[in-house]
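Reviewing the structure listed below.
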Amino acid sequence: MKKFLKKAAAVACAAVMTLGVLSACQSESKELVLGTNAAFPPFEFTTTNGVVGNYDGIDICIGKKIADSMDRELKVEDMEFDGLVAAVKSGKVDMAVAGMTATDERRQSVDFSDTYYTASQVIITNPDNTDINSAEDLKNDKTVGVVLGYTGDGIVTDDLEVEESKITRANRGIDIVQDVKNGKLDAVVIDRETGVALAEKEGLRFVEDPEVFEAEEYAIAVKKGNTELLEQINSVLREMKESGEIEEIANQYNQ
Ligand code: GLN
């Protein structure tokens, strides 16, 4: 899969990169800083030859497009997901593009762009764990992994009320799925695209439960009141949605 993602990145972001080269000629190159947690394929991950340095993925392509539209150079700051909202708030990063669900709770701290992707949660488990077939089943004495501060953490903790002693919280999506693979955990609850991609890669099983795992909308977070950047982001997103470019990029990375 890694190989494919690399190839897809080159294709998917080709147009974006050309624009980048053109705009670099006309500009002072002030950086636009994108905060993310690059352990969330296909939205953000590291690779040897990414769109920006070692960073690649759907969100990095979108970020590059936004930076290009402003004649600015994109810089990626990789950090723990749980620190992203604070980093936007303090101005350490200009925007968080991180498969971040626009939740009411986060809206109290940051402003969100228009949404650009609809996702949901999924359960990842071992194929021999045949008694996990719904979100409810996670309450039956199962050890459950989530990523700290993800929406999945909130669902497992507050909605499903899985017993606290059964929950393990990690900082990176790719690490916690490894714990399912090596039998340390019965299941992980994580965003669908990432979960399915990792499950397929690791030979694990995924379980959907749309009644419990409702649709989530990904959006880009900026500092409260930064309407100039927000409007710029929204106009790029609008253009990318209308032209079908977001879908095209997502399809290529999702395959
Ligand atoms: N969509 C989830 C959230 O916003 C997870 C995002 C991520 O891992 N990058 O909490």
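Here the structure is a predicted model, which means the values were calculated and not measured. One-based numbering, in listed order, for ligands and for the atoms of each.
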If the cut-off is 4.0 Å to any non-hydrogen atom of [X], which atoms of ligand 1 fall inside it?
X: Tyr218; result: 1 (N)
X: Ala98; result: 6 (C), 7 (C), 9 (N)
X: Met100; result: 4 (O)

Taking heavy atoms and a distance under 4.0 Å, where does [X] meet ligand 1: side chain, backbone, both or neither?
X: Phe43; value: neither
X: Arg106; value: side chain
X: Tyr150; value: both

Next item on the list: Grab the two heavy atoms, one from Arg107 and one from Lys224, that are nearest each other, plus how far apart they are.
Entry: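 Between these two residues, the closest heavy atoms are O-NZ, 3.0 Å.
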Among protein heavy atoms, which lies nearest [atom], and at what distance?
atom: atom 6 (C) of ligand 1; value: Gly99 O, 3.1 Å
atom: atom 1 (N) of ligand 1; value: Asp191 OD2, 2.6 Å
atom: atom 10 (O) of ligand 1; value: Thr151 N, 2.7 Å

Checklist line | Asn171: side chain to side chain donor-acceptor pair (under 3.5 Å) partners, not counting sequence neighbours | finding: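 Applying side chain to side chain donor-acceptor pair (under 3.5 Å) to Asn171 gives Glu80.
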Margin query: Once rounded to the nearest 0.5 Å, what's the spacing between atom CD1 of Ile246 and atom CE of Met240?
Written below: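 One gets 5.0 Å once the value is rounded to the nearest 0.5 Å.
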Check: Under 4.5 Å between side-chain heavy atoms, hopping through other hydrophobics if needed: is there a path connecting Tyr117 to Val196?
Finding: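 Linked within one cluster.
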Note to self: Within the 3.5 Å criterion, strictly below it, is a donor on Gln121 or Glu208 matched to an acceptor on the partner's side chain?
What the structure shows: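 No, no side-chain donor-acceptor contact under 3.5 Å.
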Margin query: Between Tyr150 and Phe81, does the ring pair (Phe, Tyr, Trp, His ring centres under 6.0 Å) criterion hold? Intermediate values first, please.
Written below: CA-CA 8 Å; Tyr150 274 27; Phe81 186 84; 4.9 Å; yes
Next item on the list: Would you check if the distance from the ring center of Phe43 to the ring center of Tyr116 is below 6.0 Å?
Entry: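 Aromatic pair excluded; centres sit 6.0 Å or further apart.
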